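What follows is a short report on a single structure.
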2 protein chains.
Amino acid sequence: MNCRNLGEFCENEAKGVVQSLVLDSEKGELVKASGRVEKRIGKSEGKTIAALKSHSEAERRRRQRINAHLSTLRNLVPSSDKMDKAALLAEVVRQVKQLKETATHVSERFFIPLDSDEIKVELIAENAIDGTCLYRASVCCEYRTHLLSDLKQTINSLHVNLVKSEISTLGSRVKNVFLFTNLIHGGGCATIQAREIFLASVRQAFSSVLDKVSAFPEYSAYPNKRQRVSCFDSSTLLF
Amino acid sequence: MNCRNLGEFCENEAKGVVQSLVLDSEKGELVKASGRVEKRIGKSEGKTIAALKSHSEAERRRRQRINAHLSTLRNLVPSSDKMDKAALLAEVVRQVKQLKETATHVSERFFIPLDSDEIKVELIAENAIDGTCLYRASVCCEYRTHLLSDLKQTINSLHVNLVKSEISTLGSRVKNVFLFTNLIHGGGCATIQAREIFLASVRQAFSSVLDKVSAFPEYSAYPNKRQRVSCFDSSTLLF
DNA sequence: TATCACACGTGAAAC
DNA sequence: TGTTTCACGTGTGAT
């Protein structure tokens, strides 16, 4: 099909004019230029043309989708006008690498929540006398309503002895750190296996708090519009 | 040209076989399927085919260039396997926006250098009695050798009275802040115009310090390999 | 003039 | 099955 576009072709088709035919040298007969699949010009021709048309339209939509994202990226990248697609993408790669590296440096140096969700639970110290273990759990995620009370409930349900809790925010993201022991009425985690099971259950408990927001979108912090600034006042700090 | 590829076509061409011809219904004669431009099959045919071949090869290289960047982006974006091109780009857009927003929040709250180069010079306060003006200049850029001594020279050459200087680093980036007055031997900037001229000259002076690295690449901090960690010790702090 | 970058329609393959 | 994604070669305008 060597027509400039299918719309044009179909117009002519309606007038009974076939504009482009191909000489197949193997068979020595004329077939439609696109007609490698269908060997004869029959009444299925209309269907073929319709399929071809929808195909090219789908492909056009696909290109539009991709190009829309590319132009969005153009707006995000300074002075990227007059860059061709490859150069633009190269610049985006550079920027993303740079931003990620910076984020790494920031999180290495400061105790603030960043973009990636994170749950970390680890053993900090063990009391040699009574076997009491001190643990540190940190949870970094997007803020949502009831997040803090959910975390508090989680801590309560774990029946641990909360020693200290810290909270820090950046934009709409929040990071909580809890120091706790698993000992309330004597007796630590006797074995290494028992400890690992305990750590896993703590991780699981915090995970389900984070999963809540995806399961129930109404828990999202800002159903209407995402806010930029910190959303806490001291009265919210329940621990 | 409806051959699957040009290599195949050229093989047959060598045997004297022309595989694909098109019936041009306007003229009622056979021309090469691609031959809208050249109307006759002549001895320029070889040149046309060569041009077509180089054209398709160039286009292939262009596609490879773009796809290489896309696959680099795939590696930078977690769990982007099995995403199609459009979805990948959408995810990249999301990430870039997120990272930039986070960077904004960080720089709003902390005094640390971030990714974008920046020179800011502003009037902070004016002494009503003698007209002395206090200025604040901040310079954020990639570290390079001699940056600090260059900045010191700049300050000296401006003949200002340096009140205070601060420096902070993050990774290989550095931010300097200078507080100074333009008064050494009495007399402030009398008029608003004079102040603006002064501010512009200070900005220009710092700008040329930053431009130095692009003009003389040997000033680059890490000619061989970019380092990740802070590169200062206290002995470097000259101010 | 030749080269570059882009959009297009198409064949093939995945699902 | 029909729909979607990708690579391809080509037409075309810009430089």
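Source: prediction; values computed, not measured.
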Q. NA contact type, B:Arg61, heavy-atom cut-off 4.0 Å: base, sugar-phosphate, or nothing?
A.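 The residue B:Arg61 makes no contact with any strand.
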
Q: State which of D:dT10, C:dC8, C:dT10 makes the closest approach to the side chain of B:Glu59.
A: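 The answer is D:dT10, which lies nearest to the side chain.
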
Q: Measure from the side chain of B:Arg60, starting at C-beta and using heavy atoms only, and say which of C:dC6, D:dG9, C:dT10 lies closest.
A: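 Nearest listed nucleotide: D:dG9.
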
Whole-Å gap separating [atom2] ([N]) and [atom1] ([X]):
X       : N     : atom1 : atom2 : result
B:Gln64 : D:dC6 : CD    : P     : 16 Å
A:Arg62 : D:dC8 : CZ    : P     : 13 Å
B:Lys47 : C:dT1 : NZ    : C1'   : 10 Å
B:Leu52 : C:dA2 : CG    : P     : 14 Å

Q: Spell out, as yes or no, whether a donor-acceptor pair under 3.5 Å connects the side chain of A:Arg173 to the backbone of A:Asp115.
A: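 Such a contact is found between A:Arg173 side chain and A:Asp115 backbone.
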
Q: Could you tell me whether the side chain of A:Arg136 and the main chain of A:Val177 form a donor-acceptor pair under 3.5 Å?
A: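 No, the answer is negative, given that no donor and acceptor are paired below the 3.5 Å cut-off.
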
Q. Between residues 69-95 of chain A and DNA chain C, which residues have a heavy-atom gap below 4.0 Å?
A.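 Contacting residues: A:Asp84, A:Lys85.
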
Q.
Taking atom types as they are modelled, would you say the side chain of B:His55 forms a donor-acceptor pair with the base of D:dG11 within the 3.5 Å cutoff?
A.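 Answer yes: a donor N or O sits under 3.5 Å from an acceptor.
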
Counting only pairs under 3.5 Å, give me each side-chain donor-acceptor contact of residues 58-66 of chain A, with atom names and distances, residues two or more places apart or in other chains.
residue, atom, partner, partner atom, Å
A:Glu59, OE2, A:Arg62, NH1, 2.9

Q.
Over 60° means perpendicular and under 30° means parallel, so tell me whether A:Phe206 and A:Phe178 are parallel, tilted or perpendicular.
A.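 Rings of A:Phe206 and A:Phe178: parallel, under 30°.
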
Q. Does B:Glu57 or A:Ile66 map to a spot on DNA chain D nearer the 5' end, using the closest nucleotide for each?
A.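 Whichever sits nearer the 5' end wins; that is A:Ile66.
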
(Q) At less than 4.0 Å, is any side-chain N or O atom of A:Arg65 found next to OP1 or OP2 of D:dT5? Yes or no. (A)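 Indeed, a polar side-chain atom of A:Arg65 lies that close.
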
Q) Phosphate oxygens OP1/OP2 of D:dC6: is one of them under 4.0 Å from a side-chain N or O of A:Arg63? A)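 So the side chain of A:Arg63 is outside the cut-off, no N or O lying under 4.0 Å from OP1 or OP2 of D:dC6.
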
Q: For residues A:Thr169 and B:Arg109, determine if any side-chain heavy atom of one lies less than 4.5 Å from a side-chain heavy atom of the other.
A: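 Yes, at least one pair of side-chain atoms sits under 4.5 Å.
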
Q) With respect to A:Leu99, which candidate in B:Gln98, B:Lys100, B:Gln95 satisfies the side-chain contact (heavy atoms from CB on, under 4.5 Å) definition? A)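 Checked B:Gln98, B:Lys100, B:Gln95 against A:Leu99; only one passes side-chain contact (heavy atoms from CB on, under 4.5 Å): B:Lys100.
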
Q) Can you list every pair that meets salt bridge (charged side-chain N to carboxylate O under 4.0 Å, His left out) and has a residue in residues 74-92 of chain A, with sequence neighbours left out? A)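 Applying salt bridge (charged side-chain N to carboxylate O under 4.0 Å, His left out) to every pair that reaches into residues 74-92 of chain A, excluding sequence neighbours, yields A:Glu91-A:Arg94.
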
